Amino acid sequence: MSDPRGRFLKSVSLAVLCGLGAVSAAQAEFFERINTYPVYKTLPDGVDQATETVAEIISASKDGRTLAFTDSPGEAIVFVNAGNPLNIQPIGRVDLGGEPTSVAVGEKAAYAGVNTSEDYVNASGHLAVIGLDGMDVIARCDTNGQPDSVAISADGKYAAIAIENERDEDLNDGVMPQMPAGHLAIFDLDGNGAPTNCDAVRLVDLTGLAGTAPSDPEPEFVSINSRNEAVVTLQENNHLAVVDLATGKVVADFSAGVATAENVPVKKSRMSDASGSSENVPREPDAVAWIDDERFVTSNEGDYEGGSRGFTIWSARGDVLFDSGNQMEHLGMSHGHYPAKRAHKKGTEPEGVAVGKFGGETLIFVNSERGNFVAVYRDTGSEPEFVQFLPTHVGPEGLLAIPERDLFLVANEVDSAEDNVRSHITLYKFGAESPAYPSVVSDMDPEKGAPIGWGAISALAADPSDANKLYAVNDSFYDDGRIYTLDISAKPARITSYTTVTGFNQERLDLEGIAVARDGGFWLASEGHPKNERGHLLLKVDADGAVQEEITLPQSLIDQQKRFSFEGVAEFEMDGQNLVAVAVQREWNDDPKGHTKIGIYNPADKSWGFVHYPLDALKSAAGGWVGLSEIVSLGDGRFAILERDNKGGEDAAIKQVTVVSLEGITPAAHGETLPILKKRLAMDILPALAQGKGWVQDKPEGLAVTAGGRLILVTDNDGVDDAPGETQLIDLGPASRLN
């Protein structure tokens with residue numbers, strides 16, 4: 001097999017130039033996100049909506065109109081009506097009396113694996129059979145262990161359950177073997193979908209197969225083809241087995257082997273750079289799905305000693321037909337979805353797979369649990385073709401293709417109301433003429449053989465002479481502060497290069513503002529953090545990123561500091577002077593309630609003056625705060641201000657651009673009474689943020705007016721750390737709209 005890395009470098013370059021649709025015009029049909037449905041909406045009346053709810057594994061009725069998914073903390077299977085995918089409605093919750101690990105829906109019933117284990121040694125569980133007519137449990141069948149994945153054969157004759165009996169990772173550092181051993185459980189189903197052998201499950205012994213801990217197989221996932229053969233992944237054992245369900249015999253088994261991902265991030269650092277290679281790592285496949293009766297695909301997440309950061313296509317007898325190598329890693333890097341904190345572990349962590357036929361083509365879907373995306377590939381019978389990158393919410397787990405309705409669904413499991421992250425079901429519709437996402441991708445770095453890694457974009461600036469050029473910076477999520485150059489002449493915009501900021505006098509910068517300096521180079525604003533000993537810095541840097549001047553605030557003001565400080569910088573001319581304005585995000589100890597400062601720095605005499613900006617009162621019922629994220633000069637002492645609350649999703653209430661003016665205003669020195677600016681609401685940007693039908697981003701952080709007079713907005717994806725990872729670069733239209 002030829003080198004997959006080399007093939008992908010060529011294909012991703014072509015994909016970037018073609019808007020990441022590496023297909024011919026005749027095949028130009030893509031998925032478009034149409035709905036993002038929060039799981040907390042399925043809670044009964046009167047239950048606090050902050051209650052933890054999860055969507056992990058998802059399935060659908062035969063007509064695709066009823067969805068069922070597992071809610072582990074709720075110990076329930078949740079049913080919703082997706083007859084209108086734009087308006088999901090809850091049907092009900094079925095309590096299981098244990099943790100649901102998986103669900104599969106058949107013709108007349110739904111089948112859920114339920115874990116009731118007291119501990120890792122006393123493993124127990126059952127198959128709960130839920131009648132679709134009454135939505136109640138009509139049978140509980142002992143599985144002789146702790147269930148994981150459940151699959152139903154297409155002809156309705158068999159239910160197969162992977163009984164993992166998972167290991168205790170805290171016992172002896174998780175070293176295997178740890179008894180009891182797992183197995184495959186098979187229930188024969190009658191014409192009404194009821195198990196005929198509920199009291200006498202057929203067990204398939206999987207011990208003695210794997211080279212790793214052969215006495216302790218830990219089946220993870222199961223998928224059934226049309227010949228009623230079940231392929232089972234033994235993830236920790238790095239092994240695969242194919243079982244004939246009629247006889248319960250293992251007809252094939254083989255090692256999952258090792259794989260290499262070259263030119264990928266591997267260092268324990270917060271960067272998204274191709275720092276090395278992941279060589280000869282056990283694949284340890286997690287999810288598996290048949291492509292046809294002769295081939296299946298695995299996502300190689302790893303859990304014990306492996307995780308090759310990719311996916312593999314296999315023959316039914318164990319031949320490796322294709323391995324993705326570094327493709328998932330490079331997709332994460334190029335799209336700003338790379339989970340840099342996981343680089344030294346398992347990177348993007350491909351976990352789920354699904355297969356479906358759309359538009360006459362067989363498509364393969366592979367999710368990245370840590371990068372929060374799904375990569376869509378077209379099956380060609382040999383090397384698959386990359387088609388599309390789909391953003392998800394946080395922690396995509398279960399994938400579901402419903403070709404009959406042109407739908408693809410993702411269950412996103414991470415849920416924390418406190419952290420403003422909620423579990424979701426995301427729905428995508430097939431048939432769009434072009435991909436709506438991404439809005440930004442990075443070019444290949446020829447020296448590193450990988451895309452330019454990026455993320456956490458926290459500010460924008462426009463090149464004064466090139467209408468298609470923007471500059472951006474990343475914040476302190478990453479170890480290095482960088483200035484990125486963007487080409488916005490086509491969609492998606494492209495990050496073509498970057499410069500690292502050097503020569504500052506503290507451990508790390510938190511860049512939150514950038515402006516092009518009239519005399520060359522840039523002005524940068526770095527947000528301080530008293531506990532981390534980071535100063536509130538205004539920096540003048542040259543075109544190569546070297547710091548020429550480091551400017552601090554007056555000490556009397558630093559004595560009043562709080563964490564939330566510089567969030568934007570703008571150079572402007574007024575009364576014949578070149579001045580620099582810096583926006584402070586929120587009020588400090590010396591500010592009146594509901595007011596924050598804008599600082600005006602005069603480079604000529606190195607003096608500071610300040611004015612107060614009145615913040616909108618909080619509107620979200622979920623609480624939070626309101627602050628500033630950006631300041632942009634509009635000329636003549638006028639500024640566009642990006643003002644927002646810190647809420648996302650349905651709780652987002654204030655995302656707006658206001659206009660203020662310094663005309664007739666004299667900034668005062670700190671300690672004097674500061675004049676208060678009058679602001680005018682110029683644009684509500686909530687509709688623009690919601691247009692993508694995803695979770696409304698809580699952090700619109702960059703705003704710029706191009707040399708061509710366009711108003712451009714960008715969101716901060718927080719480095720994909722407990723955040724969706726989605727970056728939206730939005731053209732808000734002519735800047736004249738602000739007048």
Side-chain angles (χ1 to χ4, degrees), residues 459-462 464 513-519 523 525 538 551 553-554 557 565-588 590-592 594-617 626-644 654 656-685 702-713 732-739:
L460 280 184
I514 180 172
V516 178
R518 298 186 183 192
D519 60 353
W523 291 100
L538 174 62
I551 302 151
L553 291 169
L557 180 52
S565 64
F566 290 167
E567 281 285 332
V569 61
E571 186 180 60
F572 67 103
E573 184 178 357
M574 195 167 187
D575 298 329
Q577 293 181 305
N578 282 336
L579 305 173
V580 181
V582 182
V584 178
Q585 185 177 66
R586 294 166 60 186
E587 59 197 50
W588 282 13
D590 61 326
D591 291 317
H595 290 72
T596 188
K597 297 184 186 73
I598 293 176
I600 309 299
Y601 178 72
N602 187 338
D605 60 10
K606 303 185 184 303
S607 65
W608 282 97
F610 300 91
V611 297
H612 268 134
Y613 177 97
L615 296 166
D616 270 20
V626 178
L628 307 186
S629 277
E630 183 70 285
I631 182 169
V632 181
S633 173
L634 299 176
D636 300 323
R638 297 168 60 248
F639 299 91
I641 305 289
L642 189 55
E643 184 177 1
R644 65 175 182 90
I654 299 174
Q656 62 192 27
V657 179
T658 67
V659 173
V660 298
S661 175
L662 287 177
E663 185 177 359
I665 300 290
T666 301
H670 183 252
E672 300 177 358
T673 301
L674 304 187
I676 300 174
L677 296 174
K678 293 181 179 180
K679 71 177 184 182
R680 172 177 59 84
L681 175 61
M683 185 181 299
D684 179 5
I685 60 174
L703 193 68
V705 177
T706 70
R710 306 296 294 184
L711 188 64
I712 309 295
L713 175 78
L732 295 173
S736 58
R737 293 179 60 191
L738 300 178
N739 294 334

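No experiment lies behind these values; they were computed from the predicted model shown.
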**Student:** Would you give the length of the straight line joining atom CG of L538 to atom OH of Y601, rounded to the nearest 0.5 angstrom?
**Tutor:** 7.0 Å
**Student:** Under the ring pair (Phe, Tyr, Trp, His ring centres under 6.0 Å) test, which residues partner W588, sequence neighbours left out?
**Tutor:** H536
**Student:** Which residues pass the side-chain contact (heavy atoms from CB on, under 4.5 Å) test with A704, sequence neighbours left out?
**Tutor:** L460, A462, L470
**Student:** For N602, check side-chain contact (heavy atoms from CB on, under 4.5 Å) against everything at least two apart and list the hits.
**Tutor:** Q577, L579, A604, D605, S607
**Student:** Do K606 and I551 make a side-chain contact, defined as non-hydrogen atoms from C-beta onward lying under 4.5 Å apart?
**Tutor:** no
**Student:** May I ask you to decide if V584's main-chain N or O and T596's side chain share a donor-acceptor pair within less than 3.5 Å?
**Tutor:** yes
**Student:** Let me confirm one number: the CZ-CG distance from F610 to L553, rounded to the nearest 0.5 Å.
**Tutor:** 5.5 Å
**Student:** Could you measure the distance from the CD1 atom of I631 to the CG atom of L703? Nearest 0.5 Å is fine.
**Tutor:** 11.0 Å
**Student:** What residues, two or more places apart in sequence or in another chain, satisfy salt bridge (charged side-chain N to carboxylate O under 4.0 Å, His left out) together with D590?
**Tutor:** K597
**Student:** Taking salt bridge (charged side-chain N to carboxylate O under 4.0 Å, His left out) as the definition, give me every residue that meets it alongside R518, ordered by chain and number, with sequence neighbours left out.
**Tutor:** E571, E573
**Student:** Only counting residues at least two apart or in another chain, list the ones meeting ring pair (Phe, Tyr, Trp, His ring centres under 6.0 Å) with H595.
**Tutor:** H612
**Student:** Taking the side chain from K679 and the backbone from Y613, do they hold a donor-acceptor pair closer than 3.5 Å?
**Tutor:** no
**Student:** Under the 3.5 angstrom rule, does the side chain of R638 hit a backbone N or O of E663 as a donor-acceptor pair?
**Tutor:** no
**Student:** With A668, which residues qualify under side-chain contact (heavy atoms from CB on, under 4.5 Å), at least two apart?
**Tutor:** E672, L674, P675
**Student:** So, for A459 and G513, which heavy atoms are closest and what is the spacing to 0.1 Å?
**Tutor:** CB-CA, 3.5 Å
**Student:** Is the closest side-chain heavy-atom distance between V580 and P603 below 4.5 Å?
**Tutor:** yes
**Student:** R737: what forms a side chain to side chain donor-acceptor pair (under 3.5 Å) with it, not counting sequence neighbours?
**Tutor:** none
**Student:** Identify the two heavy atoms, one from P554 and one from W608, that lie closest to each other, and give their separation to 0.1 Å.
**Tutor:** CD-CD1, 3.7 Å
**Student:** Heavy atoms, side chains only, cut-off 4.5 Å: are F639 and L677 in contact?
**Tutor:** no
**Student:** Just jot down the side-chain contact (heavy atoms from CB on, under 4.5 Å) partners of S736, sequence neighbours excluded, or say none.
**Tutor:** P734, N739
**Student:** Under the side chain to side chain donor-acceptor pair (under 3.5 Å) rule, collect the residues that match up with Q656, sequence neighbours excluded.
**Tutor:** D616, E643
**Student:** Under the side chain to side chain donor-acceptor pair (under 3.5 Å) test, which residues partner D636, sequence neighbours left out?
**Tutor:** none
**Student:** Return the minimal non-hydrogen interatomic distance between S661 and I665, and the atom names on each side.
**Tutor:** O-CG1, 4.0 Å
**Student:** Working to the nearest 0.5 Å, report the span between CG of L628 and CG of L642.
**Tutor:** 8.5 Å
**Student:** Any idea which heavy atoms bring A570 and S633 closest together, and the distance?
**Tutor:** CB-N, 3.8 Å
**Student:** Could you tell me which residues satisfy side chain to side chain donor-acceptor pair (under 3.5 Å) with S629, sequence neighbours excluded, listed by chain and number?
**Tutor:** R644
**Student:** If you round to the nearest 0.5 Å, how far is CD1 of I641 from CG of L681?
**Tutor:** 13.0 Å
**Student:** Once rounded to the nearest 0.5 Å, what's the spacing between atom OG1 of T666 and atom CD1 of I600?
**Tutor:** 11.5 Å
